[in-house]
Amino acid sequence: MKKLEITLRKTETLKAKPDWNNLGFGRHFTDHMFVMSWNSKEGWHDAEIKPYGPFTLDPAAMVLHYSQEIFEGLKAYHGADGSVLLFRPLDNLNRLNRSAVRMCMPEIPAEEVLEALKQMVALDRAWVPQASGASLYIRPAMIATEAAVGLHPANEYLFFIICCPVGAYYAEGFKPTKIYVEDQYVRATAGGVGEAKTGGNYAASLKAFAEAKAKGCTQVLWLDAAEHKYVEEVGTSNIFFVINGELVTPPLGGTILPGITRDTVLKVAADWGIKANERRISMDEIIAAAADGSLTEAFGSGTAAVIAPVGEFLYQERSIIIGGGKTGPIAQRLFDGIQQMQRGILPDTHGWLVRAI
Ligand code: COI
């Protein structure tokens with residue numbers, strides 16, 4: 001494959017910066033973006049870091065009709081030594097390539113895209129928030145742009161990366177969430193696209209999410225599609241339980257998103273000598289373990305939320321309180337420890353950090 005040439009076109013007008021104390025999540029976008037195009041003749045071409053702005057799309061662009069789209073989410077942080085650090089960026093770009101294969105889309109040259117990302121983050125460094133708990137959220141995405149209404153894998157694509165300074169994902173911040181256990185709608189079935197990070201999975205989740213919100217819950221916990229019995233994942237993250245002092249999380253079996261933060265939790269837990277089990281876990285087991293006191297914590301793990309403690313599950317009109325409704329010590333230790341790793345405060349023993357500056 002020929003080397004990707006990246007053009008740099010800087011903006012002439014820098015945007016006003018947001019209120020750093022009130023960032024919210026994903027509302028403000030930086031000055032630049034990265035774009036590149038693909039067609040079957042030229043492969044990836046016209047790679048450019050350019051001023052952030054809208055695209056022109058043909059109304060027949062296939063993404064608008066058939067949702068041929070994939071995306072990723074990763075973060076950059078201010079390092080303790082003044083650097084700007086990307087956390088596990090190649091793991092995200094490689095996962096994007098696995099999603100691409102599942103969705104019949106072209107793979108990206110991950111190493112070269114990482115170089116472009118480093119350049120772009122360095123250029124927009126003034127947008128990387130300084131406050132602890134805040135970060136620069138990076139959203140790579142790919143869409144099918146070929147203008148065609150007949151159904152086939154598109155012959156033209158656009159890949160782009162945009163960035164936004166973000167605070168905590170949930171309005172409640174790092175506080176225990178209340179999660180609705182969804183036993184009617186399902187997220188993914190075996191053989192489907194559950195393990196691909198494709199927009200359609202998230203669009204399909206919105207109805208359940210809206211109903212959960214109406215019941216006062218922050219998120220949905222999905223169950224397996226076949227029996228509506230086994231836990232799968234939370235709307236925007238993977239899920240962990242602490243039972244008898246050990247971590248339990250559902251195994252990756254094709255229907256669950258292979259979370260990078262999930263993997264981080266498993267590796268960090270191993271480093272800390274906490275036993276972790278990837279196994280199926282049913283709602284019956286959760287109810288029994290919460291009742292006999294062996295289930296002491298539950299938390300979600302994801303790039304956007306990092307670690308999100310769960311204080312309560314609402315399941316078939318029944319409230320299941322976890323750990324007295326408080327954040328547990330393992331969730332707290334992981335939240336603190338992972339954030340310190342992401343900022344280079346703790347040593348990077350796994351080689352997860354990539355310097356942008
Ligand atoms: C992430 O955690 O990065 C995600 O992609 C979840 C998204 C819905 C914000």
Side-chain angles (χ1 to χ4, degrees), residues 1-2 4-7 9 26 29 32-74 92-110 112-114 116-117 120 137-164 185-209 225 235-236 254-258 303-304:
M1 204 194 296
K2 75 176 182 339
L4 193 67
E5 277 174 36
I6 301 160
T7 312
R9 185 157 59 86
F29 299 94
H32 295 91
M33 62 184 187
F34 173 74
V35 295
M36 64 178 182
S37 303
W38 187 93
N39 62 37
S40 36
K41 257 205 213 125
E42 298 164 279
W44 288 111
H45 61 282
D46 287 349
E48 188 177 20
I49 295 171
K50 61 192 262 191
Y52 184 98
F55 304 131
T56 303
L57 276 186
D58 193 293
M62 293 184 75
V63 64
L64 301 177
H65 303 268
Y66 305 121
S67 303
Q68 207 188 357
E69 186 269 359
I70 53 177
F71 69 96
E72 273 301 323
L74 64 150
N92 283 93
L93 297 176
N94 289 333
R95 185 175 65 180
L96 181 108
N97 277 340
R98 295 198 296 278
S99 299
V101 170
R102 178 64 183 86
M103 298 298 288
C104 284
M105 300 169 89
E107 292 176 66
I108 56 163
E112 291 171 77
V113 168
L114 176 56
L117 174 61
M120 185 172 73
Y137 185 78
I138 299 164
R139 170 54 57 89
M142 193 195 301
I143 56 174
T145 49
E146 182 189 346
V149 167
L151 181 61
H152 57 266
N155 286 308
E156 292 167 24
Y157 295 88
L158 181 73
F159 172 84
F160 57 95
I161 307 179
I162 54 173
C163 300
C164 38
Y185 303 114
V186 294
R187 178 185 174 273
T189 52
V193 292
E195 69 182 342
K197 203 158 172 71
T198 179
N201 283 336
Y202 294 79
S205 76
L206 293 175
K207 181 93 175 109
F209 177 65
T236 52
T255 56
I256 291 176
L257 190 80
T303 300

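Since this is a predicted model, take the numbers as computed values, not measurements.
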Original post:
Mind checking what makes side-chain contact (heavy atoms from CB on, under 4.5 Å) contact with Glu195, not counting sequence neighbours?
Top reply: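 Testing Glu195 for side-chain contact (heavy atoms from CB on, under 4.5 Å), a comparison that skips the adjacent residues, returns Pro258.
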Original post:
Given Leu117 and Leu74, is the side-chain contact (heavy atoms from CB on, under 4.5 Å) satisfied, shown in steps?
Top reply: CA-CA 11 Å; Leu117 174 61; Leu74 64 150; 4.1 Å; yes
**OP:** For Glu112 and Leu4, work out which heavy atoms get closest and say how close.
**Re:**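 It is OE1-N, 2.6 Å.
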Original post:
What is the minimum heavy-atom distance between Thr189 and Ala225, and which atoms define it?
Top reply: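 Closest pair (atom of Thr189, atom of Ala225, distance): CG2-CB, 3.4 Å.
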Are [X] and [Y] packed together at the side-chain level, in the sense that at least one heavy-atom pair is separated by less than 4.5 angstrom?
X: Pro51; Y: Arg9; result: yes
X: Arg102; Y: Thr198; result: no
X: Arg187; Y: Asn201; result: yes
X: Glu72; Y: Thr303; result: no

Which pairs would a plain distance check flag for residues 54-62, meaning a side-chain donor or acceptor within less than 3.5 Å of a matching protein atom at least two apart in sequence or in another chain?
| from | atom 1 | to | atom 2 | distance (Å) |
| --- | --- | --- | --- | --- |
| Asp58 | OD1 | Ala60 | N | 2.8 |

Subject >> Residue among Leu96, Ile143, Val35 satisfying side chain to side chain contact (heavy atoms under 4.5 Å, CB included) with Phe159 >> reply: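 Exactly one candidate clears the test, Leu96.
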For [Y], is there any backbone N or O sitting under 3.5 Å from a side-chain donor or acceptor partner on [X]?
X: Gln68; Y: Cys104; answer: yes
X: Tyr66; Y: Val149; answer: yes
X: Trp38; Y: Ala144; answer: no
X: Glu146; Y: Asn155; answer: yes
X: Thr255; Y: Ala188; answer: no

Atom [atom1] in [X], atom [atom2] in [Y]: separation rounded to 0.5 Å?
X: Ile6; Y: Asp46; atom1: CD1; atom2: CG; value: 12.5 Å
X: Cys163; Y: Tyr52; atom1: SG; atom2: OH; value: 10.0 Å
X: Ile162; Y: Met33; atom1: CD1; atom2: CE; value: 9.0 Å
X: Leu93; Y: Leu114; atom1: CG; atom2: CG; value: 6.5 Å
X: Met142; Y: Met103; atom1: CE; atom2: CE; value: 11.0 Å
X: Tyr202; Y: Leu257; atom1: OH; atom2: CG; value: 5.0 Å

Original post:
Going through the distances and angles, do Glu48 and Met36 end up as a side-chain contact (heavy atoms from CB on, under 4.5 Å)?
Top reply: CA-CA 6 Å; Glu48 188 177 20; Met36 64 178 182; over 6 Å; no
